[in-house]
**Q** 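This is the structure I want to talk about, given as structure tokens.
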Amino acid sequence: MAMNERYEPQAIEAKWQTRWEEAGVFRAGTRPGAPKKYILEMLPYPSGKMHMGHVRNYLLGDVYARYFRMKGFDVLHPMGWDALGLPAENAAIKDGVHPAVRTQENIDSFKAEIRSLGYSYDWTREVNTSHPEYYRWNQWFFIQMLERGLVYRRFSKVNWCTGCHTVIANEQVKEGKCERCDSPVVDKETPEWAFRITKYSQALLDGLEQLKEWPERVTSMQRNWIGRSEGAEIDFAVKGSDEKVRVFTTRIDTLYGCTYVVLAPDHKLVAKVTAPERRAEVDAFVAKMAAVSKVDRTAEGATKEGVFTGAYALNPFTGQPVPIWIANFVLSDYGTGAVMSVPAHDARDFEFARKYSLPIQVVIQPASGDKLPEGDKLEGAFTEYGVLVGSGEFSGLGSEEARRKMAAKVEAEGRGKATVTYRQKDWGFSRQRYWGTPIPIVYCEKCDPERRGIPVPLDQLPVRLPEIDTQAVLTGKGEPPLAKVASWVNTPCPKCGSPARREPETMDTFVDSCWYYARYLSPHYDAAPFDPAEAKRWLPVDVYVGGPEHAVMHLLYFRFWTRVMKELGLSPVDEPVTRLVTQGIVNGSDGRKMSKRWGNSVAPASIVKKYGADTARTYVLFAGPPERDFDWSDAQVEGAFRFLKRVWTLAATHEAVAGATHAGPFEGKALETRRAAHKCLKRVGEAIDRLSFNTAIAGIMEYINALYAVGTPETPAEKAAMLEALRVLAVVLTPFAPHIADEIAEVYGAKGFTVNQEWPAFDPALVVDEEIPYAVQVNGKLRAEIKVPAEAAEAEVRAVAEADERVKAAMAGKTLRKFVFVPKRLVNFVVG
RNA sequence: GCCGCGGUAGCCCAACCUUGGUAGAGGCGCUGCACUCAGAAUGCAGAGGUUGCGGGUUCGAAUCCCGCUCGCGGCACCA
């Protein structure tokens, strides 16, 4: 067939997309004997239109998927929909369209856009989290975890988002605002369901060690978020009472410098220890603190405030009484909710002590030998480790040793223990919304008067979302929507059959994305969430691509879930993903985030329409390294398009070589052509291995330039070499611009699809040059450039270099002190 | 404040990690030439640098080490 002279992507792209689909080329599991690669991009929430972030995200995975397919792997590269969630429900509140209807519309248009970009997905494994066949397994997991004590119901202060009208998790609160809608988050006292993720805090922390191929920034954010700290709990007896205040400290070595103790305002001992004459003031302070949210109370820059309770605690080592205060900066849900204050050696305690004129006692001196001034002359807290002073039998010890010995002593005396605390909290996951997975729990007054909740029996799953009158139920006001659906919420108790009520709350959608990667392995399996045999073949995910914004949400939750799945005997792996790639942001051409507000958005569909998918792909991948942000540039898009036009023109002008054969030898232009092809294979392959897609494309551009320079092939050898070169071109283009690649391959006689061809190994003999340029330096300064045969030995190179006139001039009258020889690069004469 | 990422030609970026070795692979823009009646398109050629700053190691530093600076992102009263 003959190629059109003009490159018209619209004429070829839809054709190839249809052919790929009809032939099922991207289906996984078709090469049972081959090694596997599981390549995955983060499950998208199907908004109506794709944005450039999606395009880039899926491209990074797609290049890999196509490349490994050509390398002979059985590749699993699936796609699906995070279809439950707030946006569709919020839209429904506005216009009355049922979330299921809108979501399906969105999926249809989103999927059409994905198709138009030529991604290599196995659509036979498509997953949709809003289908009961999917979310029934959320419910199944819930019940398994309930039985194992990994799910529980608690009554506590929760983060209430005033915009989303629902509780959200700690991880979803950013600077006191909702991570999703930016509305203020307030405290609310309410019952909620939680996953006991903190049981796995240590395991999740330890697991980070084996995640060598995760970006440091993600693992360090997780480490930070888990927030392990080693310290000790110590009991302080309350003077004149049987009560004890248990404090948590990481600096037990400073115990002798403790001059007061502080309780959180909502600590349970506050009411018990407060002296009668202080009660009015303390109550007022507690009430005031209860009125402000935790977030405001503890925000950066919030001034430290507190009141004296009138009670005293006794230092367990010295017996010295110290006043007990309550203050805003002490949190009831961290450590023991009480701290021992050592103002000389803690910045917060110092500030507080200064404000309320509490004593400051120095008990650590710098290891350097410098002496700190007395407490009241101290200008700030000395918080480093040092040497203990005024600390009884521990004086003279270093902080580290003192920490161990003092912890051992309190433990021996039964007044405390060495302990580890985590900043991470359990994951509260009940949501007061409709468009989520129903929590499979029933409340029966008769057999469950304490309202602990009775699990729905497994054989009654799924608990389906009911059909609703959208406008009546989804109002955005009042109780959870499901509570309004009488026909659904009222149900017989599964235990005793009496009238009972269903739990009207639904699950956080982060539950859905905790295990979807395993559902892809057997998307229609109905005996379990997925087939454990398939898990053995395919897990873990080899490459996972997504935005770094999920570092402490999804990426932590699904690591947790993975461990649970292993304990349930479903999956063989501790960690879900071997290599994580976090892609950078595609900004507008003005350097600002793409948004309607700035009018700087570029719709992927418009680029595909104007230039074709191959240009869109090539540009986005060429614009920079995967992890880096970049600014959109129309000029660079034009550049990518121009490049593909050059590719097209090259292929169209050499059609005459299509049937060429030649057994060799190859010399001159023919050899040059072959060298260029093999160098390109080497370079592009190595660049893809390194995930350096931008330089891989640069390598293909260089290759194209080289083929233009070669000119028209004339001899049989030149024609055969050019044919080989064009076939190589189709191969290296396939991961990036697959449509044009297949079109070229077809013209040059390929059978089937390029992506099913083998990525050829380059010939080592063809990637080294016969002559190599050497730089000649004198005292490190470049003086000449010489060309010598590639295999030339040191003496030979030196002789050529010494013979050079410029080198002679630079060395004239000087003595040679040293000669440096770097094979294949340079020589350096050190003279003086 | 702590952690991470980045600063190379007018612009986007390679080379840095893995081996310290001529600062340039690629793209955009610019200039010139060819083609053309002319332009567009295309092809070919070219110019362009104190590698953020200072110091150290070395025969030799964009690269390794130390200090600083600027920009971006994350976390931050967690005892």
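Quick caveat: nothing in here was measured; it's all calculated off a predicted structure. Residue numbers begin at 1 in each chain, while the letters A, B, ... track the order of the sequences.
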**Q** If pairing requires Watson-Crick or G-U wobble contacts with both distances under 3.5 Å, which nucleotide is the partner of B:rC78?
**A** none
**Q** Work out how far the C1' atom of B:rG56 is from that of B:rG20, and round it to whole angstrom.
**A** 15 Å
**Q** Taking the side chain of A:Val830 as heavy atoms from C-beta outward, which of B:rG6, B:rA25, B:rC59 is closest to it?
**A** B:rC59
**Q** Let's test this: given Watson-Crick or G-U wobble pairing with both distances under 3.5 Å, identify the partner of B:rC17.
**A** none
**Q** Checking all strands, does A:Arg223 fall into the base, sugar-phosphate, or nothing category for heavy-atom contacts under 4.0 angstrom?
**A** nothing
**Q** Taking the C1' atom in each of B:rC35 and B:rC28, what is the distance between them to the nearest angstrom?
**A** 24 Å
**Q** Whole angstrom is fine here: how far is it from NE2 in A:His267 over to P in B:rA79?
**A** 17 Å
**Q** State whether A:Asn828 places a side-chain N or O below 4.0 Å from either non-bridging phosphate oxygen (OP1 or OP2) of B:rU22.
**A** no
**Q** Remember a base hit wins even if backbone is also touched, and classify A:Pro548 as base, sugar-phosphate or nothing at under 4.0 Å, heavy atoms.
**A** nothing
**Q** Let's test your reading of the model: under 3.5 Å, does the base of B:rG27 pair with the side chain of A:Gln636 as donor and acceptor?
**A** yes
**Q** From C-beta outward on A:Glu785, which listed nucleotide comes closest to its side chain: B:rC59, B:rG73, B:rU22?
**A** B:rU22
**Q** So is A:Lys304 actually on top of A:Phe329's ring, under 6.0 Å and inside 45° of the axis?
**A** yes
**Q** Does any nucleotide pair with B:rG60 by Watson-Crick or G-U wobble geometry, both distances under 3.5 Å, and what is it?
**A** none
**Q** Let's see if you can work this out: which of B:rA41, B:rC77, B:rU22 has an atom nearest to the side-chain heavy atoms of A:Lys304?
**A** B:rC77
**Q** Between B:rG4, B:rC44, B:rG21, spot the one nearest the side chain of A:Arg217, thanks.
**A** B:rG4
**Q** How long is the line joining CG of A:Asp631 and P of B:rC28, in whole Å?
**A** 18 Å
**Q** Select from A:Ala623 and A:Val339 the residue whose nearest nucleotide in RNA chain B is closer to the 5' end of that strand.
**A** A:Ala623
**Q** Could you state the atom-to-atom distance from CH2 of A:Trp325 to P of B:rC77 in whole Å?
**A** 22 Å
**Q** Among B:rC44, B:rU22, B:rG29, which nucleotide has an atom closest to any side-chain atom of A:Tyr708?
**A** B:rC44
**Q** Could you tell me how far apart A:Arg683 (CZ) and B:rA15 (C1') are, to the nearest whole angstrom?
**A** 11 Å
**Q** Using the C1' atom as the reference point in each nucleotide, state the distance between B:rG29 and B:rC72 in Å, no decimals.
**A** 26 Å
**Q** Regarding A:Glu702 and A:Lys679, does a basic nitrogen lie under 4.0 Å from an acidic carboxylate oxygen?
**A** no
**Q** Does the pair A:Glu802/A:Arg798 count as a salt bridge with the N-to-O cut at 4.0 Å?
**A** yes
**Q** Counting only Watson-Crick pairs (N1-N3 plus N6-O4 or O6-N4) and G-U wobbles (N1-O2, O6-N3), all under 3.5 Å, who is the partner of B:rA45?
**A** B:rU31
**Q** Just the rounded figure in Å: distance from C1' of B:rG6 to CG of A:Asn587.
**A** 14 Å
**Q** Would you indicate what A:Asn705 reaches in the nucleic acid, counting non-hydrogen atoms under 4.0 angstrom: base, sugar-phosphate, or nothing?
**A** sugar-phosphate
**Q** Any side-chain N or O of A:Thr695 under 4.0 Å from OP1/OP2 of B:rA15?
**A** no
**Q** Does a nitrogen or oxygen in the side chain of A:Arg642 sit under 4.0 Å from OP1 or OP2 of B:rC28?
**A** yes
**Q** Indicate, with a heavy-atom threshold strictly under 4.0 Å, whether A:Gly639 touches base, sugar-phosphate, or nothing.
**A** sugar-phosphate
**Q** Sticking with atom P, work out how far B:rC12 lies from B:rA38, rounded to a whole angstrom.
**A** 38 Å
**Q** Can you name the closest pair of heavy atoms from A:Met340 and A:Arg251 and give their distance?
**A** CE-O, 3.6 Å
**Q** Does A:Trp225 have A:Arg423 sitting over its ring (NZ/CZ under 6.0 Å from centre, angle to axis within 45°)?
**A** yes
**Q** Using a heavy-atom cut-off of 4.0 Å across all strands, would you classify A:Thr421 as base, sugar-phosphate, or nothing?
**A** nothing
**Q** When the C1' atoms of B:rU63 and B:rG6 are compared, how many Å lie between them, rounded to an integer?
**A** 16 Å
**Q** Taking 4.0 Å as the cut-off, does a side-chain nitrogen or oxygen of A:Arg348 come that near to OP1 or OP2 on B:rC78?
**A** yes
**Q** Test side chain to side chain contact (heavy atoms under 4.5 Å, CB included) on A:Leu556 and A:Trp427; report intermediate values, then the result.
**A** CA-CA 11 Å; A:Leu556 196 50; A:Trp427 169 18; over 6 Å; no
**Q** Where is the tightest heavy-atom contact between A:Val586 and A:Arg56, given as atom of each residue plus distance?
**A** CG2-CD, 3.8 Å
**Q** Is the shortest side-chain N/O distance from A:Tyr774 to OP1 or OP2 of B:rU22 below 4.0 Å?
**A** no
**Q** Expressed in whole Å, how much space separates the P atoms belonging to B:rC5 and B:rC65?
**A** 12 Å
**Q** Any idea which of B:rG21, B:rC78, B:rC28 is nearest the A:Gln777 side chain?
**A** B:rG21
**Q** Near A:Lys610 NZ, under 6.0 Å, is it more than 12 heavy atoms from other residues, nucleotides or ligands?
**A** no
**Q** Return the minimal non-hydrogen interatomic distance between A:Ile585 and A:Asp629, and the atom names on each side.
**A** N-OD1, 2.7 Å
**Q** Looking for any heavy atom pair under 4.0 Å, which part of the strands does A:Thr250 touch: base, sugar-phosphate only, or nothing?
**A** sugar-phosphate
**Q** From the set B:rU22, B:rG27, B:rG4, return the single nucleotide nearest to any side-chain atom of A:Phe622.
**A** B:rG27
**Q** On a plain distance test, is the side chain of A:Asn224 in donor-acceptor contact with the base of B:rC75 below 3.5 Å?
**A** no
**Q** Give the nucleotide from the list B:rC78, B:rU18, B:rA41 with an atom nearest to the side chain of A:Lys645.
**A** B:rA41
**Q** So, is A:Arg423 close to the B:rA76 phosphate, meaning a side-chain N or O under 4.0 Å from OP1 or OP2?
**A** yes
**Q** Would you mind reading off the distance between A:Arg646 atom CZ and B:rG43 atom C1', rounded to a whole angstrom?
**A** 8 Å
**Q** Nearest whole angstrom, please: distance from the C1' of B:rA76 to the CE of A:Met221.
**A** 13 Å
**Q** Rounding to an integer number of angstrom, what distance separates B:rU18 and B:rA9 when you compare their P atoms?
**A** 25 Å
**Q** Roughly how many Å is it from CD in A:Glu216 to C1' in B:rG74, rounded to a whole number?
**A** 13 Å
**Q** Heavy atoms from C-beta onward define the side chain here; which of B:rG21, B:rC77, B:rC44 lies closest to that of A:Phe329?
**A** B:rC77
**Q** From the list B:rC3, B:rA14, B:rG21, which nucleotide is the closest neighbour of the side chain of A:Asn694?
**A** B:rA14
**Q** Using the P atom on both, measure B:rA25 against B:rG46 and round to a whole Å.
**A** 12 Å
**Q** Only pairs with both distances under 3.5 Å count, Watson-Crick or wobble alike; so what is the partner of B:rC72 in this structure?
**A** B:rG4
**Q** Starting from the 5' end of RNA chain B, give me the residue, A:Arg690 or A:Gly699, whose nearest nucleotide shows up first.
**A** A:Arg690
**Q** Centre of A:Tyr708's six-membered ring, under 6.0 Å away, within 45 degrees of the axis: is that where NZ or CZ of A:Arg646 sits?
**A** yes
